[in-house]
Asker: 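Let me give you the structure first, and then I'll get to my questions.
Note on naming: letters A, B, ... go to the chains in the order of the sequence lines (proteins, then strands), and numbering restarts at 1 for each one. A quick note: this is a predicted structure, and the numbers were derived from the prediction, not measured.
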There are 4 protein chains.
Amino acid sequence: MQESDSIIDHLFEDEKLTDKQKKIIEAAIDSFSEKGYSGTSTSEIAKKAGVAEGTIFRHYKTKKDLLLSIIAPMLAKSIAPFVIKDLYKILDTKYDSYEGFLRAMIANRYVFLKHNLPLFKILIQEIPFHPELKEQFMEHIAKKVYTRFESLVVYFQEKEQIINIPPASVIRFNITTIMGYFFTRYLFFPDADWNDDEEIEITIQFLLHGLSPLAKKEDDSP
Amino acid sequence: MQESDSIIDHLFEDEKLTDKQKKIIEAAIDSFSEKGYSGTSTSEIAKKAGVAEGTIFRHYKTKKDLLLSIIAPMLAKSIAPFVIKDLYKILDTKYDSYEGFLRAMIANRYVFLKHNLPLFKILIQEIPFHPELKEQFMEHIAKKVYTRFESLVVYFQEKEQIINIPPASVIRFNITTIMGYFFTRYLFFPDADWNDDEEIEITIQFLLHGLSPLAKKEDDSP
Amino acid sequence: MQESDSIIDHLFEDEKLTDKQKKIIEAAIDSFSEKGYSGTSTSEIAKKAGVAEGTIFRHYKTKKDLLLSIIAPMLAKSIAPFVIKDLYKILDTKYDSYEGFLRAMIANRYVFLKHNLPLFKILIQEIPFHPELKEQFMEHIAKKVYTRFESLVVYFQEKEQIINIPPASVIRFNITTIMGYFFTRYLFFPDADWNDDEEIEITIQFLLHGLSPLAKKEDDSP
Amino acid sequence: MQESDSIIDHLFEDEKLTDKQKKIIEAAIDSFSEKGYSGTSTSEIAKKAGVAEGTIFRHYKTKKDLLLSIIAPMLAKSIAPFVIKDLYKILDTKYDSYEGFLRAMIANRYVFLKHNLPLFKILIQEIPFHPELKEQFMEHIAKKVYTRFESLVVYFQEKEQIINIPPASVIRFNITTIMGYFFTRYLFFPDADWNDDEEIEITIQFLLHGLSPLAKKEDDSP
DNA sequence: AATGAATGAGTATTCATTCAT
DNA sequence: GATGAATGAATACTCATTCAT
């Protein structure tokens with residue numbers, strides 16, 4: 001929460017926000033992530049932001065508007081690395097091993113999520129209750145990200161670097177394993193002692209072995 | 001939701017519930033899982049349950065009481081198989097391979113979660129907003145389940161059936177991979193075409209290879 | 001409140017009360033006197049009395065019924081000594097001085113009020129809000145008591161024992177002075193150190209001198 | 001009640017009240033004095049004041065807040081003449097007889113109470129149910145007023161104008177006699193025919209004779 | 001742009017009362 | 001007679017939103 005400023009400056013860099021607007025968004029992120037959208041009142045946000053109640057509604061027509069205007073840039077930035085050339089770089093030049101790609105992606109998303117934790121919490125907590133959010137999420141993440149990811153998986157499957165199972169399953173294992181670490185690390189046990197480097201290394205090894213084609217062969221031929 | 005009756009009959013079998021009380025709980029589960037605790041009004045629950053609003057408060061002092069009295073048995077039943085002899089069976093007789101244990105546990109929990117989906121949704125959605133819930137969850141799941149699971153992991157590590165990494169990480173991989181399937185299957189894409197048997201088989205293979213000590217050896221000795 | 005039992009046994013001696021009924025009345029007196037009629041809920045009374053909520057309404061059609069059935073005997077007993085022969089005794093034989101009468105009356109009413117303090121509190125607190133109560137009070141106290149009292153005052157005025165001002169004023173001075181002591185003693189400063197005998201003596205002297213015809217004369221003829 | 005406006009303007013002159021706020025206070029005084037605090041609903045006050053129910057809670061956080069904010073200035077103004085120099089005037093210059101003081105004080109408080117009757121009713125009716133009120137009352141009235149009054153009584157006792165009994169008793173006689181008149185006059189029998197001047201004169205005479213030191217002597221010497 | 005008073009529908013909860021057992 | 005589940009109207013209070021300033 002102390003990093004709210006930077007989050008906002010980063011996530012909302014394109015939009016011109018007045019001082020009060022920034023404070024409203026900060027306060028909203030803070031409260032939404034802590035008590036949920038329904039559990040947070042606009043008056044509470046106003047008080048925390050140090051503005052009059054009416055001011056919120058001058059900038060955001062409704063409370064829901066405020067929520068969406070907070071989540072939208074988060075969604076956009078989430079998929080950023082997948083829609084721009086970064087991914088091509090991975091494919092074309094930099095990393096010609098699946099391991100290389102994995103390490104690059106984890107490093108990249110790890111930093112992003114770490115810096116947008118409260119926003120991320122809001123996103124995953126509110127998605128179930130707001131169909132528009134779910135739709136946007138599906139369209140952006142599920143479609144755009146998935147498509148890129150799929151071709152990438154097929155590419156490495158053809159190079160026989162990963163096992164030959166449905167790409168959807170491969171993607172699922174990747175995401176649940178990586179996000180699983182992230183949830184465990186930051187949402188469930190944020191206060192435990194964590195050796196991030198080691199843990200990430202173990203996680204990468206687990207993924208690589210789990211998806212290794214050799215492993216599969218061994219299992220098949222007695 | 002159509003199975004609410006059976007859920008209730010099953011989860012609340014010990015308690016003597018009046019007819020109206022059952023209806024209240026059904027309605028509450030339905031609404032809470034759909035719109036969240038904060039987003040659900042007691043008047044809505046009353047209407048859906050076909051009772052007067054006052055009736056709710058005759059049985060549950062507060063709205064939060066209602067929530068807790070719904071989740072408590074869910075938590076208890078969640079850990080049931082881990083605290084009773086079932087686990088010993090797994091260790092002692094039935095399954096002397098990690099694969100055997102894995103298959104048994106997935107089958108068991110899969111059925112349970114499938115039958116308590118709405119309740120499960122409520123649990124994971126509300127935990128972040130209710131410290132008491134988190135505490136109960138930690139105490140029941142994290143402590144009791146984790147302890148059993150850990151000794152089990154060590155046991156199979158000693159039998160050299162799984163890789164020699166911190167048991168906590170092994171447990172994490174198991175849970176995130178299995179739950180990851182469950183979330184994807186029932187919460188994110190419940191409408192997709194799923195071949196459960198195949199998907200579970202793939203998932204088990206992924207886990208086994210990811211945790212296999214052979215894989216590790218191969219990796220270590222070129 | 002500890003004396004509730006005795007109050008009830010005494011005030012409600014004529015009526016046949018079941019055990020539960022007694023407990024209801026005790027609880028009602030306790031709560032009404034402490035929090036007022038409006039501020040007391042029937043469920044609270046039921047709980048305090050250790051009976052089911054419905055039981056109250058089996059004996060008293062409404063909550064107000066309960067209030068009235070509590071105050072009615074109090075009102076009746078309040079005027080008892082004024083409507084029976086007691087007063088004639090005072091006039092005829094026992095006390096042929098106003099002082100004698102005063103001492104007798106104070107002693108008599110002092111004991112009565114002291115033993116019915118909670119009931120008395122209820123009476124004076126609720127009268128302003130219940131026209132029926134006010135009516136009953138007027139009819140019983142104001143009419144019956146006043147009439148007796150007036151003839152008594154006139155009697156002593158004729159005997160030149162008290163000053164010759166409107167009897168209504170004489171009665172007012174008597175009542176406000178005596179009740180004034182009682183309020184100060186039991187309602188305002190019940191925890192102070194009180195020497196009742198001395199205080200009552202001073203009060204009687206004050207009344208006697210204030211109403212003395214000599215005093216008046218002295219004051220008139222220098 | 002018809003004078004509510006003037007009461008408010010007078011009692012709340014220091015505070016800046018919006019139009020609606022004034023109406024809320026008027027309505028609250030009206031209802032509280034008529035049906036008691038517990039017996040009055042906020043919706044009733046809102047309706048009577050011609051404002052939305054929410055408006056009440058914008059200005060007063062709770063219903064009790066409204067009550068206290070009504071009574072506080074009443075308490076303050078009640079003791080006003082006792083804490084400022086007025087009293088010294090009485091002692092120093094104007095009145096060097098107890099009778100003079102008595103007449104001045106009665107005249108002064110008579111006007112005040114007459115103009116604040118509903119507020120006064122609320123005060124005495126609600127004090128028994130609200131410990132904070134009792135505390136405030138004790139602190140303001142019982143302490144400040146009493147202290148001034150006591151030194152005054154001692155002063156006149158030394159001048160041998162009033163009888164030599166405990167000052168507390170003298171004060172009690174004064175207050176109960178004067179308030180007794182006020183209660184009888186305005187609360188119990190407001191509809192009777194009252195000759196205020198005459199009645200007050202009789203009351204003053206009663207007090208003076210009752211407290212006269214001569215009377216005492218007569219009584220002492222056979 | 002910003003305020004904050006005002007709103008009225010809505011909130012969780014309490015109430016006196018009823019009624020089948 | 002006694003119970004306690006059930007009621008629905010009422011309660012104190014909150015909410016998102018509007019609007020005149």
Asker: Tyr37(B) side chain to Lys64(B) main-chain N or O, any donor-acceptor pair under 3.5 Å?
Answerer: yes
Asker: Leu68(B) vs Leu133(B), test: side chain to side chain contact (heavy atoms under 4.5 Å, CB included). Steps then yes/no.
Answerer: CA-CA 8 Å; Leu68(B) 296 181; Leu133(B) 270 187; 3.9 Å; yes
Asker: Determine the minimum heavy-atom distance between Gln125(D) and Ser33(D), stating which atoms define it.
Answerer: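 Of all heavy-atom pairs spanning Gln125(D) and Ser33(D), the closest is OE1-O, 3.8 Å.
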Asker: For DNA chain F, whose closest nucleotide is more 5', that of Ser43(A) or that of Asp19(C)?
Answerer: Asp19(C)
Asker: Rounded to whole angstroms, how far apart are NZ on Lys64(B) and P on dT13(E)?
Answerer: 11 Å
Asker: Would you say the side-chain atoms of Glu53(A) and Ser43(A) include a donor-acceptor pair closer than 3.5 Å?
Answerer: no
Asker: Examine dA6(F): is either OP1 or OP2 under 4.0 Å from a nitrogen or oxygen in the side chain of Lys20(B)? Give yes or no.
Answerer: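 It does not, given that no N or O in the side chain of Lys20(B) lies less than 4.0 Å from OP1 or OP2 of dA6(F).
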Asker: Please report, rounded to the nearest Å, how far the C1' atom of dA6(E) is from the NZ atom of Lys23(D).
Answerer: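 Atom-to-atom, Lys23(D) to dA6(E), this comes out as 13 Å.
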Asker: Going from CD on Glu132(C) to CD on Glu126(C), what distance comes out if it is rounded to the nearest 0.5 angstrom?
Answerer: 11.0 Å
Asker: Where do Glu34(D) and Phe129(C) come nearest, in terms of heavy atoms and distance?
Answerer: O-CD2, 3.5 Å
Asker: What are the atom names and distances for every N/O pair under 3.5 Å that joins the protein to nucleotides 19-21 of chain F?
Answerer:
none

Asker: Could you tell me the separation between the NZ atom of Lys35(C) and the C1' atom of dC15(E), rounded to a whole number of Å?
Answerer: 13 Å
Asker: Judged by each residue's nearest nucleotide on DNA chain F, which is more toward the 5′ side, Ala52(B) or Glu53(D)?
Answerer: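 The 5'-side residue here is Ala52(B).
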Asker: Short question: side chain of Lys20(C), backbone of Ala52(C) - any donor-acceptor pair under 3.5 Å?
Answerer: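 Looks like no, no N/O pair under 3.5 Å.
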Asker: Show, in sequence, the C-alpha distance, side-chain angles and deciding distance for His59(A) and Thr18(A), and conclude whether the side chain to side chain contact (heavy atoms under 4.5 Å, CB included) test is met.
Answerer: CA-CA 10 Å; His59(A) 295 291; Thr18(A) 70; 4.2 Å; yes
Asker: Watson-Crick or G-U wobble partner for dA1(E), using a 3.5 Å limit on both distances?
Answerer: none
Asker: Specify the separation, in whole Å, of atom NZ of Lys63(B) and atom C1' of dT14(E).
Answerer: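 Rounded to the whole Å, the gap is 17 Å.
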Asker: Considering heavy-atom distances to DNA chain E, does Val51(D) or Gly50(A) have its closest nucleotide positioned more toward the 5' end?
Answerer: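 Checking each residue's closest nucleotide, the 5'-ward one belongs to Gly50(A).
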Asker: When you measure from the side-chain N and O atoms of Thr55(B) to the phosphate of dT7(F), is any distance below 4.0 Å, counting only OP1 and OP2?
Answerer: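 True: Thr55(B) side-chain N/O within range (under 4.0 Å) of dT7(F) OP1/OP2.
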Asker: Report yes if at least one side-chain N or O of Thr18(D) is closer than 4.0 Å to OP1 or OP2 of dA5(E); otherwise report no.
Answerer: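 No, outside the criterion.
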Asker: For Thr42(C) and dA16(E), is the shortest distance between a side-chain N/O and OP1 or OP2 below 4.0 Å?
Answerer: yes
Asker: Once you round it to whole Å, what is the distance between C1' of dC15(F) and CG of Leu66(A)?
Answerer: 15 Å
Asker: Assign Ser41(C) to base, sugar-phosphate, or nothing according to its heavy-atom contacts below 4.0 angstrom with the strands shown.
Answerer: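 The residue Ser41(C) makes sugar-phosphate contact but no base contact.
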Asker: Quick one: Phe57(D) CZ to dA12(E) P, roughly how many Å, whole number?
Answerer: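 Whole-Å distance recorded here is 17 Å.
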Asker: Pairing check on dC19(E): which nucleotide meets the Watson-Crick or G-U wobble criteria with it, both distances under 3.5 Å?
Answerer: dG4(F)
Asker: What is the nucleic acid contact for Ser38(D), judged by heavy atoms within less than 4.0 Å: base, sugar-phosphate only, or nothing?
Answerer: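 Answer is nothing: Ser38(D) stays at 4.0 Å or more from every strand.
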Asker: Just N and O in the side chain of His59(B): are any of them under 4.0 Å from OP1 or OP2 of dG4(F)?
Answerer: no
Asker: Atom CD1 of Ile24(B) and atom P of dA5(F): how far apart are they, to the nearest Å?
Answerer: 12 Å
Asker: Expressed in angstrom and rounded to an integer, what is the separation of Tyr60(D) atom OH from dT14(F) atom C1'?
Answerer: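 So the OH-C1' distance, Tyr60(D) to dT14(F), works out to 19 Å.
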